[in-house]
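Quick note on labels: first sequence line is chain A, next is B, and so on, each numbered from 1. Side-chain atoms are counted along with the backbone in the values below, which use heavy atoms only and exclude waters and symmetry mates.
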2 protein chains.
Amino acid sequence: MKNTKARIIAAAANVAVTKGVQNLTIDAVAEEAGLSKGGVFYHFASKELLLLGMVQALVDHTETMVQAHRAADTEAGGWLRGFIRASLAEDAEDVGSIGQLSVGFLTAAANDASLLAPMNDRQPQWRDAINHDGIDPVRAQIIRLAADGLWINDIMGVPVLDAEERAKVIERLGHMTWPDYKEG
Amino acid sequence: MKNTKARIIAAAANVAVTKGVQNLTIDAVAEEAGLSKGGVFYHFASKELLLLGMVQALVDHTETMVQAHRAADTEAGGWLRGFIRASLAEDAEDVGSIGQLSVGFLTAAANDASLLAPMNDRQPQWRDAINHDGIDPVRAQIIRLAADGLWINDIMGVPVLDAEERAKVIERLGHMTWPDYKEG
DNA sequence: ATGACTATACCGACTGGTCGGTATAGTCAA
DNA sequence: TTGACTATACCGACCAGTCGGTATAGTCAT
């Protein structure tokens, strides 16, 4: 079953979020996924491959959500609006899946920067999309970076904003994605 | 000697950056600092305390740099300009120290979110400074988040921007810190 | 001024536990 | 009969933390 791999990744993400990153062990993942240790290794020959799979899942998830958003929003700035929704997910139970995947991302980054390859590989495409989203490229990059900043602070649990500020920031970032946005 | 603690922290940061986070062991730190394992434990009773010390050092470093900048720039937006310089350090060999400390921060975050306490504890003050820096608070938060985003992507080695884009983004963020900034 | 004692800083062999990974024999559904 | 596992036992590297000991400089009562 191809599906089991996804189940293992979901289980790993869940373990990372509930038990903490330092307890993301193969045994814990196996238990969470309802498999034996051998079963996990049957699908992922090493922990490294599992971590890579988690990062890949996050990338896929993000790109899928952006693509879905673009289907209904083909105007200038649409890629960025999709990206904001995908990574900040203010409006859905997607919060669960993306939040968990994200912790996996952090785990990977901490263990070994090379595990971020699936993410790094997509950066040229993302940069290209951002630079050609129909608005000023520098502003576009800043919007993306601010979304990243909010996202990573969320993952790490650093309280940079309260709920009200957060809502306002996300709203403003949305406004900034429109070509005719004027500061002030 | 009070100094040895700082030397150990510097050594730990250096190990994290050169050997990778997963090789940040007490043995490696000891060797880097020119001490024995026991010597390290004499100053930091546990690895956790060492990690906390590293995060604290990053916070201190950031606040010191912001403070230094503010001494020469008391105008509106000055805190943010100091923060940008402190965390993005485009112009100094401070790049070394802050970059290394930052990797320690990431290590701490990955091992256990509670190790970020020294950083989390300062967020209320930072938020207050940002909200009262003399410019629109929402824009101010976005500037800070974008700086964070660029910073963390740097630490993780995710290639979000090329050198030219990076320079332009930092320049733009600087412009945005002024009260009379207008988009376009 | 000498011997007893204390504080500080540090050494490094060792222990104990964790965890990724391996091995093997067997189950069971399609 | 092959693919997808289960169950369990085990290996061995790695690493945080321990602990008995060493070195040195200073204190202080006699």
Side-chain angles (χ1 to χ4, degrees), chain A residues 1-56 103-104 106-117, chain B residues 1-56 103-104 106-117:
Chain A
M1 212 170 283
K2 181 71 172 9
N3 204 337
T4 305
K5 268 184 118 150
R7 213 175 79 232
I8 294 172
I9 287 176
N14 205 39
V15 168
V17 121
T18 58
K19 304 222 196 305
V21 166
Q22 75 275 29
N23 294 316
L24 183 64
T25 65
I26 300 291
D27 288 289
V29 171
E31 188 185 348
E32 180 75 23
L35 293 180
S36 69
K37 192 175 182 177
V40 172
F41 274 111
Y42 181 82
H43 291 281
F44 294 95
S46 69
K47 188 178 186 181
E48 187 174 336
L49 286 170
L50 172 56
L51 259 4
L52 281 168
M54 293 174 78
V55 175
Q56 185 67 58
V103 175
L106 184 59
T107 311
N111 278 332
D112 184 349
S114 73
L115 296 178
L116 298 183
Chain B
M1 216 170 281
K2 180 72 170 14
N3 205 336
T4 305
K5 270 184 118 150
R7 211 175 81 230
I8 293 171
I9 287 176
N14 204 42
V15 168
V17 122
T18 58
K19 303 222 197 305
V21 165
Q22 77 276 28
N23 294 316
L24 184 65
T25 64
I26 300 291
D27 287 288
V29 172
E31 189 184 350
E32 181 74 23
L35 292 181
S36 70
K37 195 172 192 174
V40 172
F41 274 111
Y42 179 79
H43 291 281
F44 294 95
S46 69
K47 188 178 186 180
E48 187 174 334
L49 287 169
L50 172 57
L51 259 4
L52 281 169
M54 293 173 78
V55 175
Q56 184 67 58
V103 176
L106 183 60
T107 311
N111 279 330
D112 184 350
S114 72
L115 296 178
L116 298 183

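We find the CG-OG distance between B/Leu51 and B/Ser114 to be 10.0 Å, quoted to the nearest 0.5 Å. Distance CG/B/Asp112 to CG/B/Leu52: 9.0 Å, rounded to 0.5 Å. Atom CG of A/Leu50 and atom NZ of A/Lys5 lie 10.0 Å apart (nearest 0.5 Å).
Straight-line distance from the CG atom of A/Asp27 to the C1' atom of D/dC11: 14 Å, rounded to whole Å. In this structure, the CG atom of A/Asn23 is 7 Å from the P atom of C/dC19, given to the nearest Å. In this structure, CZ of A/Phe41 is placed 18 Å from P of D/dA4, rounded to the nearest angstrom. One atom, CG of A/Asn111, and another, C1' of C/dC19, lie 13 Å apart when rounded to the nearest Å. As rounded to whole Å, 10 Å separates atom P of C/dG21 from atom CG of A/Leu50. Atom-to-atom, CG of B/Leu24 to C1' of D/dA16 comes out at 12 Å; the value is rounded to the nearest Å. Atom CD1 in A/Ile26 sits about 21 Å away from atom P in D/dC10, given to the nearest Å. Here D/dT18 presents its P atom at 16 Å from OH of B/Tyr42, a figure rounded to the nearest Å.
The base of C/dG21 sits within donor-acceptor range of the side chain of A/Lys37, with an N or O pair under 3.5 Å.
In this structure C/dA9 sits in a base pair with D/dT22, meeting the Watson-Crick or G-U test at under 3.5 Å.
With distances taken from any side-chain atom of B/His43 to the nucleotides C/dA9, C/dC19, D/dA4, the minimum falls on C/dA9. For A/Leu35, counting side-chain heavy atoms from C-beta on, the closest listed nucleotide (C/dT22, D/dC5, D/dA16) is D/dC5. Closest approach to the A/Ser36 side chain among D/dT6, C/dG20, C/dC10 is made by D/dT6 (side chain taken as heavy atoms from C-beta onward).
For A/Thr4, a side-chain nitrogen or oxygen approaches OP1 or OP2 of D/dC5 to under 4.0 Å.
Surrounding CD of A/Glu31 are at most 12 heavy atoms belonging to other residues, nucleotides or ligands under 6.0 Å away.
Take the nearest nucleotide of DNA chain C for A/Ser46 and for B/Gly38: the residue whose nucleotide is more 5' is B/Gly38.
At distances below 3.5 Å, at least one donor-acceptor pair connects side-chain atoms of B/Lys47 with backbone N or O atoms of B/Leu24.
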